[in-house]
Amino acid sequence: MTLPLLIEQMLNGLQSGVMLFLIASGLTLVLGIMNFVNLAHGSFYMIGAFTAVSLQLWTGSFVVAAVGACVCAAVAGLAVEYVCARRLYARSHLDQVLVTFGLIYLFNESMRLIFGPQPLASPIPPLLNGSVTLLPGLQYPLFRLTVIGVGLVVAAGMSFVVMRTRLGMLIRAGASDRGMIAVLGVNITWLYSLVFAFGAALAALAGLMSGPLYSVNVGMGENILIMALVVIVVGGIGSLKGAFYAAIVIGLIDTLGRLFLPSAIATIAIYIFMAGVLFVRPQGLFAASAPPQVEARDNGNRVTILWSLSKSRQRVTASVVGLCMIALALVPTLSAWLDDPFLLRLFLRIVIFALMVLSLDLVAGFGGLVSFGHAAFVGTGAYAVAILGWHLDHGEPLALGPIVLAGTHDALVAWPLAIASAAAMALAIGAIALRTSGLYFIMSTLAFAQMLFYLASTPSIYGGEDGLQISQRSTLPFIDLGNRPTLYYLALGLLALCLLLCWRLVNSRFGMIVQACRQNERRVRALGVRTYLYKLLLFVISGVIAGVAGVLLANAELLVSPADLSWTRSGSILIMAIFGGLGTLFGSVVGAGTYLMLEFSLSEWTQHWQIVFGPMLIVFVLLARRGLFGLVLGRGGST
Amino acid sequence: MTTTILEATGLIKRFGGLTATDDVTLAIRELTCHALIGPNGAGKTTLLSQLSGELRPTAGRIHFEGRDVTSADLGGRARLGILRSFQITSVCDDYSVFDNVVVAAQIREGHGFRFWQAPRGVRALADTTRSVLERTGLADFGDVPAGVLSHGQRRQLELAIALAMQPRVLLLDEPMAGMGPAEAERMIELLGSLRAEYTIVLVEHDMDAVFNLADTVSVLVGGRLVASGTPQEIRSNASVREAYLGHEQEDVA
């Protein structure tokens, strides 16, 4: 390693750091001031990049393209703020996550419609082409140098505005105490719109500068968004200073890590760093405000649990649940009768996803712990089954430290191991994530899941990005899972069992305490309860159910891939949970069924189904707050 | 003379330059009602928060039944039996009144790592809960979600939750605050009935209540303990009168 090379790489790290800052700064302000989680912030980055490329090709001027991209994103930001965000400031983070998730669908699919699925290449503007000699033997591209310069100038400018002007004072006041500036008579509405639009324009600035460096494609916003979320969590929500330093450090770690660390670790280095920071300082390095209100507002999605319903409601509920289960049990017969094997495939998928949603409902609906990385636990279970099978097929024993396993397709060995891995993963992630609360919890579960996603995507004997094929279904004594209806009945039986166990669990002593924690954790702690242990155990139990779902998923699909661990998968599970109604248990079946059937019928109809689905999701969250199964339950308990 | 159950020695609490508790030494005797009074800003709630474990004193020690509990936090002291009700009521809004209390009753019984049986169905817990609700005047409201209770009822529920824990010492921060006269009257009556069975430390502005309920009254002014004694002694203490009671003398007498 020569010194010029090292300096070059550090400059690259700095360049990626300032880009991250441009995105994270807008995101952290919106979070800090409006308390709004905008997952669609990455879309502004994407919009900026696409607009800049097309304007540049059209007019030939990079300046026009740059200005146009920023204006365009700012307008999009204003529109998003006016149409969606404004209605959600007072709502739970969960609602915000879902609506902005819908916006991602909408924006991504729109870009795909307009620009096609191919990545676009963006030329470096002629003026900035070439490189400069910084030191003897160190040539550095002028464009990258410009990016660093622009980033630092913007950072300095923002620092001036925030620290020295009246507007900045309002912004700082808003970040540390939102209620206060409203009370002081400041017109918040314009401040909110301004911050939102400005944040969007900054993201677009980063997007347009990224064009010549990386490729411009649909989905570019999500990768950078997750990195920006990591930046914010590390820096402390609402803190510009924190965002700046964290962005630079993370840019450097990411770039230098690829140089010095083995590739499997390099891709997840920033997540390891984040975990370390969260472990030491759960509020990030530069939290702008005192610990944010841990007692998150009760999310409107929850419905009172079955037990407290009136007798007649209980009967209605029980009949609906019973009828649904009977209907599900008849699916294989119906599928055979109609000679439509696809029906069985679809419903097998529904049953397996219902288990995933149930697992999430347990933590999110009853524990108030919104996990945005639940696919990680499902994926862990699925991968475990696949990996054990692979080792048997290839005759290579699997060495886990001192323990050497031959690999197996035997369900009696593989399944418990897989479920235990999922539970262990939940224990490890939960132990760190539960040190935080509210938004930090959502973000850190997301980031940890992302870590597993990248780990699975790293090229390895387990297939990397292509995933891992499974040669056969697991074997059980007396039961032949090779037969799809048998697998379906087994899955349905496991679902029914888990539903029953969960129902007992949430009403048990343990469940009562966990639910009390959701409503008023301070209160429960004041009674002498070590709430952390309860929440951690709930998380692990949820991991067990997710593991069961993972095992079944591996057997149903006979393929596991990083997509099973992706954050879009986690997001879908969350959407299904909301569809069905959080805190209802059986809503998981309703939610998974509705979502998957909707997805199926929309995708039959158009390839761009997400452009329809995104807005549907937004409208659903804005209007129906209690989920579909919540409608069946009615206004439980409040009479 | 009964034994001392909770004892503070040389308690000092500073917030930056402000000394909110200034060398307070206090002994709470078992099964008595000990009132803390003083003008606004005298540091009554700060003192109570140190007794409950929410605030760590800058200096000084706190002993509970002879045991040093200075470093135990709120939860740790709750496990020992020192329970605090909050000035800002804090209950589980989604739970019914009954469930709020039953959860406390089960916490009293030990850890909650039991995963099958619903506590509502456990005879002993349900009995405890019902008797506590009876006692606090909430017997008719068992099925009502706590979120829809009136302010006064929420204070009663707050007390019921504490009672379900069968506390050794009950720390009450202005239990009558924000109540109407009728509600306050009932609360005083309730506290009066608890006096024989529980050790109570009471921060209260309502002098009628204090002189009715308290066995011992301690007067705080500017963080310092200026007097401590029976209600009669406090009433006739000239320096207390001057520093604090002053114009309220007629009401009291």
Side-chain angles (χ1 to χ4, degrees), chain A residues 294-295 297-311 362 365-366 368 500-538 540-541 544 582-583 635-639, chain B residues 49 52-54 72-86 88-122 125 142-148 157-158 161-162 164-165 167 171:
Chain A
V294 177
E295 287 83 5
R297 268 153 313 188
D298 184 35
N299 55 68
N301 302 297
R302 247 197 47 79
V303 194
T304 322
I305 48 168
L306 299 178
W307 196 290
S308 57
L309 295 175
S310 66
K311 279 278 180 290
L362 205 55
F366 292 92
L500 176 71
L501 291 177
C502 285
W503 179 63
R504 292 303 305 210
L505 182 75
V506 298
N507 289 298
S508 72
R509 297 186 184 220
F510 174 78
M512 290 291 284
I513 289 183
V514 161
Q515 291 193 67
C517 286
R518 186 199 70 238
Q519 298 167 56
N520 197 336
E521 182 165 355
R522 195 177 97 121
R523 183 59 175 133
V524 180
R525 231 185 270 150
L527 292 178
V529 176
R530 293 177 180 90
T531 53
Y532 176 80
L533 294 178
Y534 286 80
K535 293 194 288 186
L536 187 56
L537 182 58
L538 183 75
V540 172
I541 294 173
V544 167
L582 272 183
R635 293 196 158 275
S638 60
T639 42
Chain B
S49 298
S52 70
E54 272 174 300
D73 65 358
L74 186 64
R77 288 190 212 177
R79 285 192 286 277
L80 293 171
I82 307 175
L83 258 286
R84 153 165 206 179
S85 84
F86 291 89
I88 299 154
T89 7
S90 158
V91 297
C92 296
D93 282 348
D94 289 356
Y95 274 171
S96 67
V97 168
F98 189 92
D99 283 353
N100 264 287
V101 178
V102 98
V103 167
Q106 74 161 62
I107 291 170
R108 166 75 181 75
E109 271 202 348
H111 69 79
F113 293 105
R114 293 158 79 170
F115 307 98
W116 187 255
Q117 195 173 37
R120 301 179 196 83
V122 177
L125 292 177
D143 294 333
V144 177
V148 307
L157 176 57
E158 177 81 13
I161 291 172
M165 296 281 292
L171 306 172

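Proteins get letters first, then strands, A, B, ... in listed order; numbering begins at 1 in each.
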Non-hydrogen side-chain atoms of B:D94 and A:R518 separated by less than 4.5 Å: yes
Sort out for me which of B:G75, B:P119, B:A78 touches chain A most, counting heavy-atom pairs under 4.5 Å. B:P119
Full working for side-chain contact (heavy atoms from CB on, under 4.5 Å) between A:I513 and B:Q106: CA-CA 9 Å; A:I513 289 183; B:Q106 74 161 62; 3.3 Å; yes
Side chain, backbone, both or neither of A:L533 within contact of chain B (heavy atoms, under 4.5 Å): both
The reported gap from CG in B:D93 to CZ in A:R523 (rounded to nearest 0.5 angstrom) is 12.0 Å
Test of understanding: with salt bridge (Lys or Arg N to Asp or Glu O under 4.0 Å), list the residues that count as partners of B:D73, not counting sequence neighbours. none
Measure the CZ-CZ distance between A:R530 and B:R79 for me, rounded to the nearest 0.5 Å. 3.5 Å
Identify the two heavy atoms, one from A:S508 and one from B:F115, that lie closest to each other, and give their separation to 0.1 Å. CB-C, 3.3 Å
In terms of heavy-atom contacts, A:A516 and B:Y95 come closest through N-OH, 3.4 Å
Of the non-hydrogen atoms in A:V529 and B:I107, which two are nearest, and what is the gap between them? CG2-CD1, 3.4 Å
So, the side chain of A:N520 versus the backbone of B:C92: is there a donor-acceptor pair under 3.5 Å, distance only? no
For A:N507 versus B:R120, what's the shortest heavy-atom pair and its separation? OD1-NH1, 3.7 Å
Name all residues meeting the salt bridge (Lys or Arg N to Asp or Glu O under 4.0 Å) criterion together with A:R509; count only those two or more places apart in sequence or in a different chain, and write none if there are none. B:E109
From CA spacing to verdict: side-chain contact (heavy atoms from CB on, under 4.5 Å), A:R525, B:L74: CA-CA 8 Å; A:R525 231 185 270 150; B:L74 186 64; over 6 Å; no
Atom group of B:L125 that falls short of 4.5 Å from chain A, counting heavy atoms: side chain
Non-hydrogen atoms of chain A under 4.5 Å away: do they reach the side chain of B:V102, the backbone, both or neither? side chain
Show, in sequence, the C-alpha distance, side-chain angles and deciding distance for A:L501 and B:W116, and conclude whether the side-chain contact (heavy atoms from CB on, under 4.5 Å) test is met. CA-CA 8 Å; A:L501 291 177; B:W116 187 255; 3.9 Å; yes
